[in-house]
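As structure tokens, the structure follows; a few thoughts come after it.
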2 protein chains.
Amino acid sequence: MKTIEIKSAWNGNSNCEACSIRSSALFAELNEEDFSKIHSPIDDLSFEAYANIYTQGDSSQSLYTLREGYIKLLHINPNGSSRIVRVVLPGNLFGMEALLGEHYEHSAVALTNVRLCRIPKVIISSLGEESPRLHRQIVKKWGEALSQSESWFSEINTGRIEVRLAHFLLKLAKELGSSAIAPLFRREDMGLMMDVKFETISRALASMAEQGLLTNITRLSVQIPSIEALRRFSERGI
Amino acid sequence: MKTIEIKSAWNGNSNCEACSIRSSALFAELNEEDFSKIHSPIDDLSFEAYANIYTQGDSSQSLYTLREGYIKLLHINPNGSSRIVRVVLPGNLFGMEALLGEHYEHSAVALTNVRLCRIPKVIISSLGEESPRLHRQIVKKWGEALSQSESWFSEINTGRIEVRLAHFLLKLAKELGSSAIAPLFRREDMGLMMDVKFETISRALASMAEQGLLTNITRLSVQIPSIEALRRFSERGI
DNA sequence: CGTCGTCTTGATGGGCATCAATACGTGTGG
DNA sequence: CCACACGTATTGATGCCCATCAAGACGACG
């Protein structure tokens, strides 16, 4: 039996006022006076790919904002099967259930190396008493999460697998002129997101490469020679 | 060509302080003083089954709480296909995107005859300035919506269709001792929720009746002779 | 270089889509 | 009140897409 080592690192306490992603993060609307009211430490943490951030059912003491990398949120069903309910992108908030209940309602696992900020929920509740701005921002971020979760499922889980994969890639692609590069994850993870088996993901990628929609498929990324062509494919299935 | 008549009725302005579902609704935490600050009218409306409440892309001026009946929220994809992203149950809040942006991000359509309250968003923003209680309640309701949406998809969209249908029925069933009765909707709507065609829903219902899991299937409802048996089936697929 | 985990590719079978025909229910008009 | 039309639900036949089982390739790492 092998011990599973979860690798993480503490990068210090966050300086939120100077944070590079502050404009897109939770504390965007806070001013200097608000920051002076933050006393509990906000930790800046790094995790390696596949590390566990928290597990469904854990006592929820903090919520998080993702700075770099990708995270999957998975819901584990009573029968043991699991399903990826959301992919967290940089700038997104996750673990907000901490504010409501005592336990996380899903597990958060790193898909890549990640860097994130851990915000103790006591900060939110104490600061929330005094700062309507913070509450507004939470409502806004939360709403974005809901709407991303809904459109994620709607677009990633309808139609033939190749079409779904096209939507998935378009959501994550970083444009470089008319072409682009999109990250890939473990085929099994991608299968959980789109509700197919990993072999099917593999076949779909190969088939789309044959059609000229994708090139240069590796474990971790894929090139999209023409975003326009892929978008047409995703909309019309051609 | 036939004109489609959308039938709705105005039941008057809501008296939120005396509302029967107030404890589970948005204004649960407000006190008398807060209510005195509400000036815009909150309408109490009724819609017939299949009526449109609002449409994706409409200018969003209000959010809603459902009092009676069921509502489907559908997301319409760029390619024209649509998918039910959430089913709204009595006491739930919907249309919260109104607070964030200028347009609704999905359409809301009545599955049955419904009764609901329409809350202009100006109430929330003006009241929100002064009442942290209301903001807390919005965050809470919104979080419930997110978590329902996630668990909805996770449990209703994994596995064989009969298993998914079992989860669906268990979520909506009203217990009567050891048996129960669950509402059904149009087969096409149910198909959109579980991502199958309406014929498949029909076949699944028939097959589960043959197995003794369901009896008395009609257009609008179905009897569950043993909730326990259905739950075992939903968890183990037997 | 060998092992292990992951990815790819092949063969077969099952579940759902699709097309089609029929049955049921509700409302309309004769 | 019955006949008919229309929307919805059921049931059947066929084919496609994906799951499953299996074997082999590739890459990372000790």
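Fair warning: this is a prediction, and the values are worked out from it, not measured in the lab. Basis for what follows: all heavy atoms, side chains included, without hydrogens, waters or symmetry-related copies.
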Rounding to a whole Å, what distance do you find between B/M194:CE and C/dA17:C1'? 17 Å

Rounded to whole angstroms, how far apart are CZ on B/F185 and C1' on D/dT8? 16 Å

Using five pairs at either end of the helix from C/dC1-D/dG30 to C/dG30-D/dC1, determine the angle between the two local helix axes and round it to 10 degrees. 30°

Non-neighbouring partners of B/K171 that pass side-chain contact (heavy atoms from CB on, under 4.5 Å), sequence neighbours left out: B/S151, B/W152, B/E155, B/I156

Could you state the CD-P distance from A/E210 to C/dT9, rounded to the nearest angstrom? 9 Å

Rounded off to whole Å, could you give me the CD-to-P distance for the B/E188 and C/dA17 pair? 13 Å

To the nearest Å, how far apart are B/R187 CZ and C/dA23 P? 19 Å

Side chain to side chain donor-acceptor pair (under 3.5 Å) partners of residues 214-224 of chain B, not counting sequence neighbours, each pair once: none

Which residues pass the side-chain contact (heavy atoms from CB on, under 4.5 Å) test with B/A182, sequence neighbours left out? B/L169, B/A173, B/V222, B/I224

With DNA chain D as reference, determine whether A/R219 or A/I161 sits nearer its 5' end, using the nearest nucleotide of each. A/I161

Using a heavy-atom cut-off of 4.0 Å across all strands, would you classify B/I201 as base, sugar-phosphate, or nothing? nothing

Inter- and intrachain pairs under side chain to side chain donor-acceptor pair (under 3.5 Å), touching residues 189-205 of chain B, at least two apart: B/K72-B/D189

Take the protein atom CG of B/L192 and the nucleotide atom C1' of C/dA17, then report the distance between them rounded to whole Å. 14 Å

Gap between atoms CD1 and C1', on A/I217 and D/dA25 respectively (whole Å): 16 Å

Within the structure provided, determine whether A/I71 and A/I53 are in side-chain contact (heavy-atom separation under 4.5 Å). yes

Excluding sequence neighbours, so at least two apart, what forms ring-ring contact (aromatic ring centres under 6.0 Å, His included) with A/Y64? A/Y54, A/F94

Can you check the A/E162 CD to D/dC16 P distance for me, whole Å? 15 Å

Just so I know, are the side chains of A/D58 and A/Q61 near enough to count as touching, which here means a heavy-atom distance under 4.5 Å? no

Applying side-chain contact (heavy atoms from CB on, under 4.5 Å) to A/S107 and not counting sequence neighbours gives A/T55, A/Q56, A/L74, A/I76

With a 4.0 Å cut-off on heavy atoms, is B/R186 in touch with a base, just the backbone sugar-phosphate, or nothing at all? sugar-phosphate

For B/A98, what residues pass the side-chain contact (heavy atoms from CB on, under 4.5 Å) criterion, not counting sequence neighbours? B/S60, B/Y104, B/K121

Provide a list of protein-nucleic acid N or O atom pairs under 3.5 angstrom, restricted to nucleotides 19-21 of chain D.
from	atom 1	to	atom 2	distance (Å)
D/dA19	OP1	A/K197	N	3.3
D/dA19	OP2	A/K197	N	3.2
D/dA19	OP2	A/T200	OG1	2.4
D/dT20	O4	A/R203	NH2	3.0
D/dC21	N4	A/E199	OE2	3.3

